There are 2 protein chains.
Amino acid sequence: MKLDTLLHQELRLAIVSFLANDIEWASFNALIEVTESTKGNLSVQLKKLEAADYIKIKKRFKNNYPLTECRLTETGKEALQNYIQELRKMLNI
Amino acid sequence: MKLDTLLHQELRLAIVSFLANDIEWASFNALIEVTESTKGNLSVQLKKLEAADYIKIKKRFKNNYPLTECRLTETGKEALQNYIQELRKMLNI
DNA sequence: TAAACTAGTTTATGTTGTAAACTAAATTGT
DNA sequence: ACAATTTAGTTTACAACATAAACTAGTTTA
C-alpha cells in the first residue's frame with residue numbers, strides 16, 4: 001500500500017512516462033495526442049504534477065500563439081522509478 | 001488510455017494480484033493483512049470485484065464465526081494479465 | 001449477564017477525475 | 001472591417017470514487 005497516488009492515475013502516469021522517454025520538452029498539443037486526453041483534463045493534471053514538482057511548465061509564444069511546454073524534473077523522474085519499482089513488487093513482474 | 005479502471009486502483013489491484021499468486025481461496029482476514037487495508041474498504045472493493053466477476057466470494061461458518069473467502073475467476077485472471085500488458089506498454093518495462 | 005471480541009456491512013464524507021463551458025487572442029472569409 | 005472560426009489553453013460543475021467511522025449481528029469470556 002504505497003503506490004504514489006499522484007502517479008497512480010492514468011493520465012498523469014501517461015504524461016510522466018511519456019516525458020520520461022527521452023523527451024526534453026513536450027508541448028501541450030503533443031501531450032494531447034499521445035495521451036488522447038481532453039484539453040481540460042490535461043490542463044488540470046499538468047498543474048497537479050507541477051505543484052508536486054514532478055514536471056516543469058514553461059509558457060511562451062510561438063507564431064503569435066501561446067505555447068505550453070513541459071519536461072520532467074529530477075523529482076519526477078525519481079518518483080516514476082520508485083512507482084515502477086513498487087508496482088513490480090506488487091505484481092511481481 | 002486503456003487501463004482497466006477496475007484494476008487501476010491500489011486496493012483492488014493488491015487483492016487481485018495477491019489472489020493471482022497461486023492462492024486458491026483467501027479469507028477476508030488474510031486479505032486485510034496482506035493489503036493492510038481496513039475492513040470497510042476491503043468489503044466495498046471485494047463487492048466491486050465480484051460484481052465484475054473478477055472474483056468469486058464464498059461465505060460459510062467456521063468455528064461458529066462467519067468466514068468470507070475469495071478466489072480469482074478466469075475473467076479476473078485474464079483482466080489482470082491484460083492490465084499488466086497495457087501497463088508494460090505504457091511504461092515500457 | 002455485561003463487557004469485549006469477531007467478522008464483517010452500510011453510509012456519510014471528503015477527494016478526485018473529467019468534460020463542458022468559458023476566456024482570450026489570432027486568423028480567415030466576405 | 002468585422003463576424004465567424006480556429007488556436008490554445010483554463011475554470012468549474014458535476015459525477016464517480018475511495019475511505020473510515022459507525023453500525024449490525026452474533027460469540028466468547030469473566
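Please read all numbers here as calculations on a predicted model, not as lab measurements.
At the phosphate of D:dA20, OP1 or OP2 sits under 4.0 Å from a side-chain N or O atom of B:Thr38. Between A:Arg12 and the phosphate of C:dG17, there is a side-chain N or O to OP1/OP2 separation shorter than 4.0 Å.
Taking atom CD1 on A:Ile57 and atom P on D:dT10, their separation rounds to 7 Å, with Å as the unit. Remark: C1' of D:dG9 and CZ of A:Phe28 are 5 Å apart, rounded to the nearest angstrom. Remark: P of C:dT11 and CG of B:Asn41 are 16 Å apart, rounded to the nearest angstrom. A:Glu33 has its CD atom 13 Å from the P atom of D:dG9, to the nearest Å. Across the protein-nucleic acid pair, A:Arg60 atom CZ and D:dT7 atom P stand 19 Å apart, rounded to whole Å.
Using a 4.0 Å heavy-atom cutoff across all strands shown, A:Leu67 reaches sugar-phosphate atoms only and no base atom. Residue A:Ser43 is classed as a base contact, given a heavy-atom separation below 4.0 Å to a base. Counting non-hydrogen atoms under 4.0 angstrom, A:Lys62 reaches nothing in the nucleic acid. Residue-level contact check: B:Gln45 touches the bases, meaning some heavy atom is under 4.0 Å from a base atom.
Map A:Val44 and A:Asn63 each onto its nearest nucleotide of DNA chain C; the residue landing nearer the 5' end is A:Val44.
Side-chain atoms of A:Gln45 and A:Asn41 form a donor-acceptor pair, as typed in the model, at a separation below 3.5 Å.
Nearest nucleotide to the side chain of B:Thr68, out of D:dA18, D:dA20, C:dG8: C:dG8. Closest to the A:Lys39 side chain, of the nucleotides C:dT18, C:dT9, D:dA8, is D:dA8. Of the candidate nucleotides C:dT9, C:dT10, D:dG9, C:dT9 has the atom nearest to the side chain of B:Lys59.
Without hydrogens or angle criteria, B:Thr35 side chain to B:Ala14 main chain gives no donor-acceptor distance under 3.5 Å.
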